[in-house]
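Structure first, commentary second.
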Amino acid sequence: MASGDAFDTPTKSQAVARVNVLTMFRLGLFQMGLSMMSILTLGVLNRVMIKEIAIPATLVSLVLAMPAFVSPSRIWFGQMSDAKPLWGYHRTAYVWVGAAIFAIAAFLAVQVMWQLNAATSNAGSWVWTTQTIGWTAVMGLVFAVYGLAICASGTAFAALLVDISEEDNRSKVVGIVWSMLMVGIIVGAIISSSLLKQLTAGAPIEILQAAINRLFMIVPATVFGLAIVATFGVEKKYSFFANRSTPANREDSITLGKAWEILTASPQTGLFFTFLLVMTISLFMQDPILEPYAGEVFKMPLAESTRLNIFYGTGILIAYGVTGFLIVPRLGKRKTIRLGCFLVAFCAVLLGLSGFTANPAFLKLGLVLFGLATGFVTTGAVSLMLDLTVAEAAGTFIGAWGLAQSISRGIAVVIGGALLDLGRNLLPNLVLAYGLVFALEALGMVVSIWFLNRVNVTEFQTSTKNALASVLESDLD
C-alpha cells in the first residue's frame, strides 16, 4: 500500500471545522488553571517549607521536583491518548481525569507538609529522624501522583492543540492559549495573596495552617472546573481525531514500541529535545528560590512575595500577545527564540544584581522584564515544537516534548535549591548566594542557542513522515 493511502480521510483543513478565536480563549482556561496550580506549589509551598518551616532548600527542591521526575510517563500517556480513547475521547477524558487527580493530590500534599512541620517542631529544628524521613518520603510520593496526573492531563491537552490547529494559525493558537497561562499566574497570585493577606511575618503556625488549607481547597476545586469548561465539546467539533474514519490501520494501532521507532527516526528529534532540556533548565532555575529570595533579601512577608508572580505574569502576558501575532510572523520562530534567549540571560543578571539594592521596586521591575523575555522565548519554542510534531502521532510527540520540558524543569528546581545551599556555605552573604543561581541561569540560556542553531524542521518532517508511513504499512502486511 502506498504511504499516501495509509489514511482514508481528507486533509485536516478539509475534514475539520477551523477553530475560532473564542474557542482558543476557552481552551486557554485549562492553561490558566495549570498555572494557578503552579503558583500554589512553587509560589507558596516553597516559601513556607524553606523559610517558615526551615527545611533545607535542596530537600524542598527534590520534593517539589517529583512531578518532573515522573515526566517520562508523558510519552506513555501521549501514546495512550493516540491509541486508546477513554469514554469515546482521545484527549478530553484524559484531561478531565488528570485534573481531578492533581486537584486532590495538591490538597493532600499540604496535609503531609503539616505533619512534616510537626515532626520538625518536635525536634526543635530540622534533623534527620524517622519521622522527618518518613513524612518526606510520603510527601514525595504524593507529589509523584500529582505529577502523573499533570502528565496525563497536560499531554492530552497539548495533543488536542495539535489536533485542532494548522501550521498557518498555530502561532496564534499558542499566543492565545499560553497568554491564558499567564493570566492564571496573575489570578493565582492575586487569589493566593488575598487569602494569605492576614498573615504577618512570624505568624503563628496555627493561623498559617488554616489560611493555607483554605487556599488549597478553593484553588484546586476551581482549576478542576476550568478544565471541564475549557475542553467541553472541543474535541468532537474541531479535532482531527474526531472527524476521521476508523480503519484499523490508523495510529490507534501504533504500539509504544512503534511510537519509539517514529520518535527516533530523525536525529532532529534528539537535537530539539536537547535544546528544550537546556533552555528550560536555564529558564526555571530561579523557581524554587524566588519567593525565599524576596523574604530573606528584600524582607517581604508571605503575601507580598506571592504577589511577585503578578509582575512576572504581566510581563509574559504582554509578550505572548505581541509575540504570537506580531513578532513570530515577522522574525520567524527561530530568530524569535534566539532573541528571547539573550533577553532572558540579560534579565537573569539584572535580577541577581537587584539584591544588592534590597529595594523591592528593582526586583519587581526585573521580574516584569524577565517575564517579557520569557514570553518571547516560550512562544517561539512552543510554535517550533508544534511544527516538530506530526498530526498522526501528535500525542506521542507532544509526550516527548513534554518530557523534555518537565524533566528539565524538575532538574532546574533541584539545581536552583542545591546552588542556593552551596552558595550559603561558600559565599560571604545571601545576595551572592542567590546571585549564583541567576548567573548560572544566564549562562545556560546562551548555551541553548547553540543547540537551536542545529535544528532543521524540514529534515525532521521528511524523516518522521517516512517512518510513520513505514510503521503503518507494516501493520497491513
Side-chain angles (χ1 to χ4, degrees), residues 35 37-69 71 126 136 139-140 143 147 185 276-298 300 305-306 308-309 311-313 316 341 344-355 363 366-367 370-371 373-374 377-378 404-427 429-448:
S35 59
M37 294 302 297
S38 178
I39 291 297
L40 292 191
T41 54
L42 285 172
V44 176
L45 293 189
N46 68 329
R47 160 73 188 255
V48 173
M49 287 192 284
I50 291 175
K51 189 174 187 300
E52 275 69 25
I53 302 180
I55 301 173
T58 303
L59 184 59
V60 173
S61 299
L62 282 169
V63 170
L64 294 180
M66 284 304 298
F69 294 149
S71 60
W126 178 263
T136 300
M139 178 170 273
F143 269 103
I185 286 181
L276 284 178
L277 202 70
V278 177
M279 186 267 290
T280 310
I281 288 173
S282 305
L283 195 59
F284 293 104
M285 211 177 292
Q286 88 289 340
D287 260 11
I289 60 99
L290 182 60
E291 285 79 12
Y293 183 46
E296 293 190 308
V297 175
F298 295 86
M300 294 183 184
S305 68
T306 302
L308 288 176
N309 289 286
F311 299 95
Y312 173 66
I316 298 184
C341 287
V344 169
F346 170 77
C347 292
V349 173
L350 192 63
L351 286 173
L353 293 175
S354 69
L363 178 62
L367 284 172
F370 191 87
T374 300
V377 71
T378 304
Q405 291 177 305
S406 294
I407 203 165
S408 55
R409 190 160 184 174
I411 293 170
V413 169
V414 174
I415 290 176
L419 278 176
L420 176 57
D421 281 344
L422 181 66
R424 279 173 165 163
N425 291 326
L426 298 181
L427 298 173
N429 58 59
L430 277 174
V431 175
L432 290 176
Y434 281 102
L436 180 63
V437 180
F438 293 116
L440 191 60
E441 190 171 48
L443 178 62
M445 292 306 299
V446 175
V447 172
S448 69

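Quick caveat: nothing in here was measured; it's all calculated off a predicted structure.
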Using the rule given for side chain to side chain contact (heavy atoms under 4.5 Å, CB included), can you reason through Ile289 versus Leu419, listing the C-alpha separation, both sets of side-chain angles and the distance that settles it, and then say yes or no? CA-CA 10 Å; Ile289 60 99; Leu419 278 176; over 6 Å; no
Kindly indicate, with the supporting measurements, whether the criterion side chain to side chain contact (heavy atoms under 4.5 Å, CB included) is fulfilled by Met445 and Met285. CA-CA 11 Å; Met445 292 306 299; Met285 211 177 292; over 6 Å; no
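The heavy-atom pair separating Leu432 from Asn429 by the smallest distance is N-OD1, 2.9 Å. Scanning both residues, Val297 and Gly355, for their nearest heavy atoms gives CG1-O, 3.7 Å. The minimum heavy-atom distance linking Leu62 with Phe69 is given by the pair O-CE1, 4.3 Å. Scanning both residues, Ala294 and Leu308, for their nearest heavy atoms gives CB-CD1, 3.5 Å. Summarising the geometry of Cys341 relative to Val377, their closest heavy-atom pair is SG-CG2, 3.8 Å, with the distance given to 0.1 Å.
The shortest side-chain heavy-atom distance between Phe438 and Val349 does not fall under the 4.5 Å cut-off. Residues Val414 and Ile411 form no side-chain contact, since every pair of their non-hydrogen atoms from C-beta on lies 4.5 Å or further apart.
Classified by interplanar angle (parallel below 30°, tilted 30° to 60°, perpendicular above 60°), the ring pair Phe298/Tyr293 is perpendicular.
Taken from CD1 in Ile281 to CG in Leu277, the straight-line distance is 4.5 Å, to the nearest 0.5 Å. The distance from atom CG of Leu426 to atom CG of Asp421, rounded to the nearest 0.5 Å, is 10.5 Å. Atom CD of residue Glu441 and atom CD1 of residue Ile415 lie 10.5 Å apart, to the nearest 0.5 angstrom. Here the OG1 atom belonging to Thr136 is positioned 5.0 Å from the CG atom belonging to Leu59, to the nearest 0.5 angstrom. Interatomic distance, CG of Leu283 versus CG of Leu276, reported as 11.0 Å (0.5 Å rounding). Distance check, rounded to the nearest 0.5 Å: CD of Glu291 to CE of Met300 gives 10.0 Å.
Between the side chains of Tyr434 and Gln286, no donor-acceptor pair of N or O atoms lies under 3.5 Å.
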